[in-house]
Amino acid sequence: AARLCSGAGGEAEAADGDGAMLRHLARKLRASGPVTVAEYMREALTNPGQGYYTRRGGVGESGDFITSPEISQVFGELIGIWYISEWMAMGKPNTFQLVELGPGRGTLTDDILRVFNQLASVLSKCDVSVHLVEVSPKLSEIQAAMLTGGKVQPNPEDKSAYMKGVSKTGIPIFWYRDIQDVPPGYSFYLAHEFFDALPIHKFQRTEKGWREVLVDIDPEVPDQLRFVLSPSRTPATQNFIQPEETRDHVEVCPEAGVIVQRLASRIEKDGGAALVADYGHDGTKTDTFRGFRNHKLHDVLSAPGTADLTADVDFSYLRKMAQGRTATLGPIKQREFLKNMGIDLRLQVLLQNSGDTATHEQLLHSYDMLMNPEKMGDCFNFFALLPHHRLVHPDKKDKPESKSPLPPVAGFSELLLK
Ligand code: SAH
């Protein structure tokens with residue numbers, strides 16, 4: 001199942017290779033001492049040569065973890081409807097960019113683009129383009145195959161993108177390594193299981209005050225890693241722990257904060273919205289750092305580069321990092337969001353349209369995976385950034401009676417498509 005609710009196994013063998021990442025880290029630790037968990041996570045996941053995402057990719061049934069878009073097409077379809085509903089609520093601007101952060105195998109974008117194509121008459125006068133932010137060359141290849149049939153142009157001269165192509169439905173698609181390279185403009189952003197892959201710092205309350213958790217080499221066992229506490233305060237302890245903090249162990253993901261600040265500034269300036277979906281909490285959980293390999297929990301310090309490393313997203317931190325530049329909605333549980341988006345009706349239509357029992361069973365099974373509170377229904381959350389004027393009329397105070405009410409934001413309340 002998902003990373004949080006580890007379940008049915010894939011058969012793929014981890015490409016342990018020659019333990020090159022462990023040797024590289026051990027050399028580094030011996031030479032210059034312990035590193036922060038964030039530095040360890042960044043190396044293990046996105047090191048350009050040996051990183052987990054760079055080399056292995058991980059997503060999908062044959063990988064290390066499975067995600068909602070890989071479980072059911074309905075998931076991406078409902079998200080596609082969310083963007084159309086927001087586009088309509090915002091007055092149908094004549095152009096928008098769909099920007100996805102960490103698109104995995106490209107399945108989610110593919111499902112969204114199918115909805116855009118089915119609703120082409122609604123979107124007819126709108127100029128849509130797709131912008132994918134992906135660091136992994138391996139995954140960008142898989143995305144290109146899925147979305148364009150593999151017909152792509154590397155290093156296009158006219159753009160800051162590293163690759164471009166055209167979707168099966170004729171929509172231009174561009175790839176970037178960083179959100180900052182994506183051109184400005186009215187944009188709908190999407191981050192599904194992206195923020196949980198970004199590096200976290202970990203802090204422990206001790207009798208002497210807050211200390212940062214670091215990764216070091218174990219002097220007793222060759223090439224084995226272990227956690228240690230920093231002997232004194234680190235710059236991160238000073239910057240990231242709030243004086244009013246009541247927990248004894250805290251995880252902070254500054255990179256997620258920086259990205260949310262960027263999204264919020266872009267939405268404030270150019271318009272649009274961002275939808276973030278991930279497992280996480282609202283500033284209450286403590287130790288959530290985990291590893292996954294072959295759909296099973298994996299020791300985070302063993303065989304780095306061969307397993308996915310992840311930590312729950314702290315939505316309270318993301319909300320704070322929006323710094324009032326945009327309004328925020330959520331987090332709301334996945335099962336509530338999908339219910340509000342009409343998943344039950346969509347399931348009924350698909351069941352009616354298919355005659356065979358195997359498809360029926362598959363549809364019901366994937367519905368259960370997405371919605372069951374014991375599976376992905378409760379642990380995954382949806383969170384949105386929206387311009388303030390989307391939720392409150394700017395001059396409401398002056399002339400409340402002259403304005404028609406703003407349409408509710410789908411997913412966070414029931415979908416009303418007019
Ligand atoms: N959204 C997909 C995949 C989730 S896995 C799904 O739900 O199926 C995380 C994705 O983020 C992968 O595509 C990974 O390569 C990408 N990624 C991880 N760290 C990144 C970073 N720092 N910048 C851009 N992409 C990153």
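Both counts, for ligands and for their atoms, begin at 1 and track the order of listing.
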Report task. Consider every N or O of Q143 and every N or O of ligand 1, then say whether any pair is closer than 3.5 Å. Result ->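 The answer is no, given that Q143 and ligand 1 share no N or O pair closer than 3.5 Å.
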
Using modelled atom types and a 3.5 Å cut-off, is there a donor and acceptor pairing between side-chain atoms of [X] and backbone atoms of [Y]?
X	Y	result
S160	D181	yes
T206	G209	yes
E251	T288	yes

Near [X], which atoms of ligand 1 are under 4.0 Å from a heavy atom of that residue?
X	answer
P69	7 (O), 8 (O)
P103	2 (C), 13 (O)
H192	1 (N), 2 (C), 4 (C), 6 (C), 7 (O)
T67	6 (C), 7 (O), 8 (O)
S136	15 (O)
G104	2 (C), 3 (C), 13 (O)

**Report entry** With K339 via side-chain hydrogen bond (donor to acceptor under 3.5 Å, both in side chains) - residues at least two apart
**Finding:**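 Once residues adjacent in sequence are excluded, the partners of K339 under the side-chain hydrogen bond (donor to acceptor under 3.5 Å, both in side chains) criterion are D344.
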
Query raised in the report: Is ligand 1 less than 4.0 angstrom away from at least one heavy atom of L139?
Result: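 Checking ligand 1 against L139, which is what was asked, there is a heavy-atom contact under 4.0 Å.
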
Query raised in the report: For ligand 1, is there an atom lying under 4.0 Å from some heavy atom of L198?
Result: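 Yes; L198 lies near enough to ligand 1 that a heavy-atom distance drops under 4.0 Å.
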
Report task. Just say parallel, tilted or perpendicular for the rings of H201 and F203, cut-offs at 30° and 60°. Result ->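 The arrangement is parallel - the two ring planes meet at less than 30°.
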
Requested in this report: For this output row, return yes or no: ring centroids of F412 and F337 closer than 6.0 angstrom.
Outcome: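 Yes; F337 has its ring centre under 6.0 Å from that of F412.
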
**Report entry** Ring center gap for F174 and H131 short of 6.0 angstrom
**Finding:**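 Here the rings of H131 and F174 have centres that are less than 6.0 Å from each other.
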
